[in-house]
A.B. asks: 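I'd like to ask you about the structure that follows.
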Amino acid sequence: MAIGIPLAVIAGLAAAGTASGGQTSVGHKEARITDVATLGDIALAEFSNALLPGTVNDDRGVDLGGIGSDLYPASRKGEFWTVTDRGPNGQIKVDGKKRRTFPVPGFDPAIVKIRVSGDRLKVVSALPLTTSSGKPITGLPNQEGRDEAPYSFDARTPVSYDPNGLDTEGIVRAVDGSFWLVDEYGPSLVHVSARGKVLKRFFPQGLKLRGADYPVVEALPGILLHRKTNRGFEGLAQLPGGDLVMAVQSPLSLPDEDAGEASRTARLLRFSPKKQAVTAEYAYRFDAVDVVDPGEDDTSELKISSMVAVGRDRLLVQERTDRATRLQAVTLNRRADILGGKWDKATTRPSLEQLDDPAAAGVPVLGKRLVVDLGTVSGVPDKIEGVATVDGRTLALINDNDFGMTDGAEAFDKHGRLVDSGVETTVTYVRLPRKY
C-alpha cells in the first residue's frame, strides 16, 4: 500500500502549482491581505492513483480540489495539513427532486500536506485514508434512509452505499503524529494513524452502523442523531492540553427540520482523547444571518466550518455563509456546560433549537467577541472553510472550491466531462490590525 506520493510524482505535482491573486491596498489600521497562493491543475486520477493504484478509473476531467475543508499548521513555516472532503459531488433535479451525485465514486479522501511558496501552493505529500485491512475509504454515504442516496454523475444510476465512507471535514494533528478528523455523515469523530489508517470512529449513541472495516464506538450524545442532512461535524479544534472541540455545522433538526432551518443555536462538544468520551457540551448562538452576510435572509445558510484554539480554553469560531465569513473569539466556560441535561433529550419542548432567546430561557450560551469580519476585506474568496493561525496577528484561510463542480445537469458536458467552474483552491494570508 502506498502511504504517500512517490517523490517523482510529488515533483510533478509541485511544478503544477500556478499563481493567481494579489494584494489589496488598504490602510494598515484595517485587516488586509498580505499573500495569496494558488493550487494549479492536478488531474484527480493522477493524484489518487499515485496514492492507491486503481482507485480512480475515470476522473471525468476533474482536478484535485476540495482540500479546503480545513487547515492545520505543520511543523515548518508555510506548511499546512489539509483534508479533502468526500470528493466531487453535486445535486441534480430529477422529476422535481434533488439527487446527490458522485461522479468519481472511487475517490479516496486524503490528508494532504501543502506548502505556500510565494504565490504558488504546492502539494508536499499526501496520505490516503484506509480501513483496518488497508482498503481504500470512499466518500460515499454510510446508511440508506439516514444519508442522502448516492447517484452517478448524471443522477440516473444509483451508486452503492459504503459503511466505511467518510465525509471528512476538520483536521488536527496530535503530538504522537496521529490525526483527528470530523465527519458530516454520522456525525462522527475519527482517529487516524500517522499513515492514514482509521484507528477508531466515534458515533452518537444509537446510530448502529454495521459493516465498517474499522472499530466503531458509540461514545457521543445520542441527540446528535438529529443532525441536519449533510450538516454534521465540520469544525474541529485541538486545545493545548490535547482535548478536542467539535462543532455541529448547523442547528440540529429538533423537533423537526423546520425548527432546525429557523434556528440560530448550534452546539459545540468537548472530547477527551484520554477518556475517549465527551466531557462538555455548549450552546453557541449565531448572529442574525443578515449581520453575517448582508443581503442574505435565509437563516439556514448559517454554518460553522472552522475553529482554531488560541489559548487554554479559547477559540476562534467561524460563522459563515457561502459568501461571507466572520471570526468570533469564544471562551469555553465550565458554567456553560449543558451536557446530559434536558437539552440533550429529544423529548424536551421547546427544544434548545426552538428557543428564540436561549439566554433569556436560562440556557448558558457562550459569550463571544467579533475579531474580524472578512467580508470587509477585499479579495477574500467565497466559501472559506479552513482557518489557521500564522502568528498573533496573521490568519491563513483556505477555500473549498468543490473540485470545480457546480450543481445541475450542466456541470458535465455531453461526453460526461466536467465543465469546470474556474474556482481555484487558494491559501490567503490576512493580517489583522491587532492581536486576537
Side-chain angles (χ1 to χ4, degrees), residues 21 24 26 30-33 36 66 68-71 85 90-91 169-170 184 227-235 247-253 257-268 283-308 315-330 353 356-358 365-388 395-402 405-407 421-428 430 432-433 436:
T24 58
V26 298
E30 303 174 26
R32 69 190 193 280
I33 291 176
V36 178
S69 287
D70 205 2
L71 197 65
D85 60 18
Q91 288 185 315
E169 295 294 344
E184 291 204 66
R227 64 100 173 95
K228 179 180 177 181
T229 301
N230 199 30
R231 298 279 184 92
F233 289 144
E234 184 147 325
V248 183
Q249 185 181 13
S250 297
L252 301 179
S253 297
E257 183 178 351
D258 288 343
E261 296 279 275
S263 179
R264 289 197 286 125
T265 306
R267 302 181 188 227
L268 310 184
Y284 181 90
R285 186 77 171 162
F286 286 106
D287 286 341
V289 66
D290 60 353
V291 172
V292 176
D293 185 355
E296 179 61 68
D297 60 3
D298 185 353
T299 297
S300 70
E301 290 298 312
L302 291 169
K303 307 161 189 172
I304 298 174
S305 281
S306 185
M307 297 189 298
V308 185
L315 303 170
L316 295 183
V317 178
Q318 179 202 26
E319 297 184 18
R320 77 165 181 93
T321 66
D322 281 354
R323 298 179 309 220
T325 285
R326 285 156 57 100
L327 294 176
Q328 304 279 356
V330 173
E353 288 68 23
D356 291 331
D357 189 344
V365 177
L366 290 172
K368 63 183 185 179
R369 172 182 58 83
L370 180 65
V371 171
V372 62
D373 182 349
L374 291 170
T376 66
V377 182
S378 177
V380 172
D382 290 341
K383 207 175 182 185
I384 295 296
E385 290 199 5
V387 179
L395 302 172
L397 316 173
I398 191 167
N399 67 313
D400 180 7
N401 80 327
D402 292 319
M405 277 195 63
T406 56
D407 288 334
S421 68
V423 177
E424 305 292 350
T425 298
T426 62
V427 168
T428 303
V430 173
L432 304 179
Y436 39 74

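Everything numeric here is computed off the predicted structure, so don't read it as measured data.
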A.B. asks: Per the side chain to side chain contact (heavy atoms under 4.5 Å, CB included) rule, which among Val387, Leu395, Leu315 passes with Val308?
C.D. replies: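 For Val308, the side chain to side chain contact (heavy atoms under 4.5 Å, CB included) test succeeds with only one of Val387, Leu395, Leu315, which is Val387.
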A.B. asks: Among side-chain atoms of Arg231 and Ser250, is any donor-acceptor pair under 3.5 angstrom?
C.D. replies: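 Side chains of Arg231 and Ser250: pair found under 3.5 Å.
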A.B. asks: Would you call Thr325 and Val380 a side-chain contact if the rule is heavy atoms closer than 4.5 Å?
C.D. replies: no
A.B. asks: Is there a side-chain contact between Ile384 and Ile398 (heavy atoms, below 4.5 Å)?
C.D. replies: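 The answer is no; the side chains never approach within 4.5 Å.
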A.B. asks: Suppose we screen for side chain to side chain donor-acceptor pair (under 3.5 Å). Which residues come up paired with Thr299, at least two apart in sequence or across chains?
C.D. replies: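 Here no residue qualifies.
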A.B. asks: Contact between Glu184 and Glu234 at the side-chain level, heavy atoms closer than 4.5 Å - yes or no?
C.D. replies: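 Yes, at least one pair of side-chain atoms sits under 4.5 Å.
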A.B. asks: Do the side chains of Asp293 and Arg323 get close enough for a salt bridge, i.e. N-O under 4.0 angstrom?
C.D. replies: yes
A.B. asks: Counting C-beta onward and ignoring hydrogens, is there a side-chain heavy-atom pair between Asn399 and Glu424 closer than 4.5 Å?
C.D. replies: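 Asn399 does not reach Glu424 side chain to side chain.
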A.B. asks: Is a side-chain N or O of Asp290 found less than 3.5 angstrom from the main chain of Glu296, in a donor-acceptor match?
C.D. replies: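 Judged by distance alone, no pair lies under 3.5 Å.
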A.B. asks: Checking Asp287 now: which residues fulfil side chain to side chain donor-acceptor pair (under 3.5 Å) with it, not counting sequence neighbours?
C.D. replies: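 Arg326, Gln328, Lys368.
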A.B. asks: Applying the side chain to side chain contact (heavy atoms under 4.5 Å, CB included) test to Met307, which of Val317, Leu327, Leu316 qualifies?
C.D. replies: Val317
A.B. asks: Checking the side chain of Arg267 only, and the main-chain atoms of Val248 only, is there a donor and an acceptor separated by less than 3.5 Å?
C.D. replies: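 Between the backbone of Val248 and the side chain of Arg267 there is no qualifying donor-acceptor contact (under 3.5 Å).
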A.B. asks: Going by atom types alone, do Glu353 and Thr265 pair a side-chain donor with an acceptor below 3.5 Å?
C.D. replies: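 The answer is no; no qualifying pair exists.
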A.B. asks: Using a 4.5 Å cut-off on heavy atoms from C-beta on, say whether the side chain of Lys303 contacts that of Glu319.
C.D. replies: no
A.B. asks: Could you pull out all residues at least two apart from Arg227 that satisfy side chain to side chain donor-acceptor pair (under 3.5 Å)?
C.D. replies: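 Residues passing side chain to side chain donor-acceptor pair (under 3.5 Å) with Arg227: Asp147.
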A.B. asks: Are Tyr284 and Val330 close enough that some pair of their side-chain heavy atoms sits under 4.5 Å apart?
C.D. replies: yes
A.B. asks: Would the number of heavy atoms belonging to other residues, nucleotides or ligands and lying under 6.0 Å from CG of Asp356 be above 12?
C.D. replies: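 No.
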A.B. asks: I want to check something: taking the side chain as every heavy atom from C-beta on, are Gln249 and Ile304 in contact at a cut-off of under 4.5 Å?
C.D. replies: no
